[in-house]
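If you're wondering where the values come from, they're calculated on a predicted model, not measured in any experiment. Throughout, protein chains are lettered first and strands after them, A, B, ... in sequence-line order, and every chain is numbered starting at 1.
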Amino acid sequence: MMSKRNIVGIFFFLVIALLFVIAALTTHEFGHPEKSVIPDMDDHIIDNTQTETGANNAVTSVVFDYRGFDTLGEATVLFTAVAGVILLFRRLKK
Amino acid sequence: MSEMSKIVKTISNIAFPLVLIFGLYVIAHGHLTPGGGFQGGAVVASACAMILVAYGSVWTMKKIKEKHLSLFESVGAIGFIGLAFLGLLFGLVFFKNFLLGEGLIFSEIGQGLSNINTAGVLPLMNFAVGLKVIAGLFAIILVMAYATNKLKGGEN
Amino acid sequence: MIYNIPYFAVAALILIGLYAVVFKRNLIKIVIGITLIESGVNLFLITLGFRENSVAPIHTAGTTEKTLMSLPVPQALTLTSIVIGVAVLALMLSLVIHIYRHYGTLDVRKIKEVDE
Amino acid sequence: MDFLATLVNHSPALIIAVPLLGAFLTPLIGKINGKVRNVFVILVVACTSFLIALLAYNVFTNGALSADAVTNNIQTYVFGAKDIGTPAVRIAFEVDAMNAFMALIAAILPLAAVVYSWAFMKDETGQDKYYTLILLMTAGMLGMMLTGDMFNFFVFLEITSIATAALIAFRIDQKYSVQAAFKYIVISSIGALFVLFAVALFYGQYNALNMAVIGDSIKYTMLDKIALVLLIASLALKTGIAPMHMWLPEAYGRAPSSVTVVIIGTTLGSLYAMFRMIFTVYGKHIWDLGKTMALQLPQLLGILLVALAILTIILGVFMALKQSDLKKMIGFAAVAEIGYMLLAVGSAIATISLNESGVTVMTSAGQMALKGGIFHVLNDALDVGLLFLVAGAVYFAAKETSLNKLGGLARNMKYTTVFFLIGLFAVSGLPPLNGFASKLMIYESTYAINPILSIAAILCSILLLATFVKVFHSVFLGPKIPKFSNVKEVPKSMLIGMAIIAVIIIFIGLFPNLIVENIVKPASEALMNYGLYLGGI
Amino acid sequence: MLEFLDPFLKTLQTDSGFWNPILWGFAFVIIFLIAYIIRGFGKQAYKEKTEQTKAFLSGNPEYEKEQMHIKGSNLYWGFMEIMKFAYDKFNKMHNGNTGDYVLWFVIILGIFFIVLGVL
């Protein structure tokens with residue numbers, strides 16, 4: 001049976017689906033990102049990764065040098081999760 | 001979870017060093033080949049998870065406690081942020097790649113199919129993050145397996 | 001139009017995950033829905049960075065300046081996002097274990113506060 | 001270049017890095033001794049607050065400490081290089097007056113929380129992880145408030161969410177705290193994922209992740225509209241704006257009080273991020289009406305936000321009046337307070353229009369509303385934080401938070417009662433404390449914009465006062481109940497933690513003009529001239 | 001010599017008025033003094049610790065402490081009764097169902113999309 005909640009939910013799900021479909025249609029063509037790129041960050045990275053960071057792997061140069069602060073946050077997220085899990089499964093008695 | 005049969009234990013004993021070596025290779029060549037600290041650490045942690053599945057969480061918990069693992073993880077994290085602080089000290093900017101072109105270790109500029117002695121602090125950061133990911137993921141798996149085991153045993 | 005099929009896969013993944021979170025009643029299914037949303041977003045990031053007939057962004061002996069490489073930044077962002085997803089998943093599952101200890105059920109309609 | 005100038009130049013990085021390093025070191029130091037660990041944590045948080053004070057002073061005075069780091073009240077810091085080249089590939093922090101203002105809020109709350117925790121957490125197990133997660137929450141909150149990079153904002157949002165969820169479930173033997181933590185992690189991860197989707201939309205269009213670069217090159221295409229919708233909705237979810245606020249009272253109420261004080265800061269960080277997205281990233285299309293906009297974006301956006309704000313205020317106040325649990329009641333009051341800020345800022349957005357000479361301006365009432373809203377962010381953080389600390393003191397002393405069982409505690413807990421009275425006067429907007437000044441500005445300006453809003457706000461404020469009078473009566477007044485006849489005053493560290501916030505509240509209440517002129521006005525102007533922020537990179 | 005006090009003593013000017021806690025404090029003190037003087041004109045026959053300070057419940061004995069203390073949920077009972085129509089809706093909104101919380105988010109997302117994106 002369709003409760004009121006489900007009807008409202010389905011309707012707004014259709015609206016959200018419309019949102020995502022429009023997003024999918026108006027994004028640039030798959031495989032051709034050059035069209036809409038204004039400041040070409042990635043080509044700059046690909047060209048200068050060896051001279052600026054000395055790494056052959058551009059992804060590693062991005063992860064650890066250009067956006068190293070994100071990686072610090074990422075490592076912090078993992079640290080946080082471990083601390084949280086150990087906190088949740090701790091013993092309660094001293 | 002309880003321990004499994006002798007076949008599984010033997011196979012995992014054989015497979016464990018191979019997976020370990022492969023994971024360490026991925027960590028060490030992070031700046032040259034696909035992969036890096038996170039990926040290699042995940043590989044090694046999966047090897048440890050295989051041992052956990054084969055031998056059971058109680059046995060593994062006897063061998064290594066999760067607090068030691070979290071200490072290892074703290075060491076890895078401190079190494080990572082310490083490298084960033086060293087960049088602040090020597091390169092005068094936080095997260096500066098201060099080893100590059102200094103003539104010390106890892107100081108060469110990677111050209112073509114280059115050797116491992118490149119990319120400044122990136123390999124060191126790879127090692128730090130690798131240690132951190134190994135310890136962290138294994139700690140998570142171990143603690144959750146042990147807790148669920150206790151839950152099945154009925155003693156909360 | 002035919003080029004945008006991966007983006008439709010992204011939309012489908014996100015919508016299925018959201019549907020699971022809203023309309024499913026098992027906590028484990030809700031967790032699965034969140035991971036579905038997350039993989040949809042990761043797929044969107046990684047598809048944004050693809051160039052047609054390009055190689056991985058790694059300079060080897062074979063690559064020259066002319067070699068077309070796929071964009072490296074989305075791959076780094078996806079790596080970060082995947083690790084974050086693992087952390088969130090671990091915490092959510094441990095919370096589910098505790099909820100099961102306390103309530104003895106995984107039905108989301110019974111997991112609530114009753115104000116006395 | 002002397003040491004202080006160097007410290008100020010690097011302070012945006014150190015503000016994040018010092019709590020992180022402290023968090024990584026805490027498990028090692030916890031091996032030594034509990035007291036050493038507590039002293040270490042308090043020192044780390046105090047250092048962070050000191051750095052924030054230096055940075056804020058340098059930003060507000062436009063380079064009194066280190067002139068070369070600041071250009072027209074914006075201090076930028078690039079990670080990994082001297083300056084951010086073109087294109088902006090590296091992560092940059094861009095601290096203007098608004099960031100500095102939020103960072104000042106984030107400097108007060110964790111300090112009070114860790115001082116308070118010394119005695120509050122004395123008998124609990126797992127204190128190493130507790131302090132680690134508190135420091136991680138602080139770092140993530142500060143990162144959210146200072147960063148100038150979209151993806152970096154997402155990362156810090158997730159750090160804050162995970163640490164907060166783990167801490168909400170700190171009392172794992174209480175089923176309600178565990179389920180509140182689960183709801184919180186579900187809600188916040190969904191919100192963060194939609195933020196990430198919006199960031200990916202930006203990246204796919206402009207191939208940039210820096211807020212200033214995106215705001216500079218934004219064209220308000222269909223994808224930008226979708227990104228705006230996703231950003232506002234998910235950040236409103238994280239902020240706890242009705243009707244998406246239900247997770248907030250449960251999370252606030254079931255977490256330990258020392259944690260709740262920091263959660264307030266993280267919630268306000270999400271609110272700040274929403275303002276930043278609206279005013280700066282989409283600034284061109286909020287402010288350049290005459291040229292680009294066919295439909296008036298500010299009016300639509302302002303009306304939506306004001307409607308949500310009124311709903312938030314009414315729901316929060318009515319549900320708070322009904323609650324029978326002390327901490328959940330304060331949580332609903334916090335929801336209502338968030339509604340006041342959103343009401344002020346939404347009505348300020350709605351007043352943006354073209355004047356007769358074809359220039360986009362915000363009316364003077366709108367500017368007053370914006371100032372009042374931003375001032376109220378500070379006041380709300382302090383007032384609700386103090387009330388939660390008092391509730392934690394009541395729980396610590398009587399091991400009970402139900403309003404139906406408590407009573408007559410004022411006879412044994414004099415200082416706690418005084419602090420509660422200060423918080424009561426402040427949060428319900430009674431003179432002479434700080435809540436009155438900001439609410440006065442909000443009432444006046446919204447009355448000039450639309451009288452009905454102001455009347456509804458005033459009526460709900462009266463109901464808020466009634467709510468806390470109920471708490472005061474049923475917890476502190478009344479005859480001495482035998483069950484609580486031997487409760488004692490809480491230990492010194494908890495009193496100090498409450499006193500830190502109470503003193504600041506009284507100071508702001510006595511000298512509101514000082515704060516408004518020197519801190520709030522620059523912050524609102526920093527929100528209004530988006531051009532400076534975009535030109536910062 | 002006291003010019004460093006000037007920023008502290010400035011008055012917060014709003015569009016249609018001003019707010020100065022110092023002046024407010026002075027006014028409060030004066031009004032309090034007046035009220036205290038008026039209180040002095042009160043009944044002089046009041047004595048401590050006599051029958052007139054005892055609680056008189058129409059001859060019934062005094063209750064114990066627990067019963068004398070009005071519980072928190074008993075306050076504002078009439079307001080709750082009048083606002084019942086609203087509280088029923090609110091309580092239905094606040095069922096602790098996580099799916100409903102996310103559904104509210106979806107609804108708000110849809111409304112924002114209709115208003116901002118489509119219009």
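- When each of D/Val229, D/Thr132, D/Asp149 is scored by its heavy-atom pairs under 4.5 Å with chain A, the top score falls to D/Asp149.
- A tilted orientation is assigned to the rings of A/Phe69 and D/Phe156, their planes being inclined by 30° to 60°.
- The greatest number of non-hydrogen atom pairs below 4.5 Å with chain A, out of D/Asp173, D/Thr221, D/Asp128, D/Thr147, is found for D/Asp173.
- In summary, the side chains of D/Asp224 and D/Tyr206 do present a donor paired with an acceptor at a separation below 3.5 Å, with no hydrogens or angles considered.
- Ring pair D/Phe153/D/Phe151: centre-to-centre distance not below 6.0 Å.
- Heavy atoms of A/Ile45 lying under 4.5 Å from chain D belong exclusively to its side chain.
- When heavy atoms are compared at a cutoff of 4.5 Å, D/Leu20 approaches chain A solely by way of its side chain, counted from C-beta outward.
- Although no hydrogens or angles enter the test, the distance criterion places a donor-acceptor pair under 3.5 Å between the side chain of D/Ser177 and the main chain of D/Arg171.
- Surrounding NZ of D/Lys399 are more than 12 heavy atoms belonging to other residues, nucleotides or ligands, all under 6.0 Å away.
- For D/Lys129, the salt bridge (charged side-chain N to carboxylate O under 4.0 Å, His left out) test picks out no residue, with sequence neighbours left out.
- The closest side-chain heavy-atom distance from D/Gln174 to D/Gln179 is not below 4.5 Å.
- Along residues 187-201 of chain D, the residues that come nearer than 4.5 angstrom to chain A, judged on non-hydrogen atoms, are D/Phe194, D/Phe197 in order of number.
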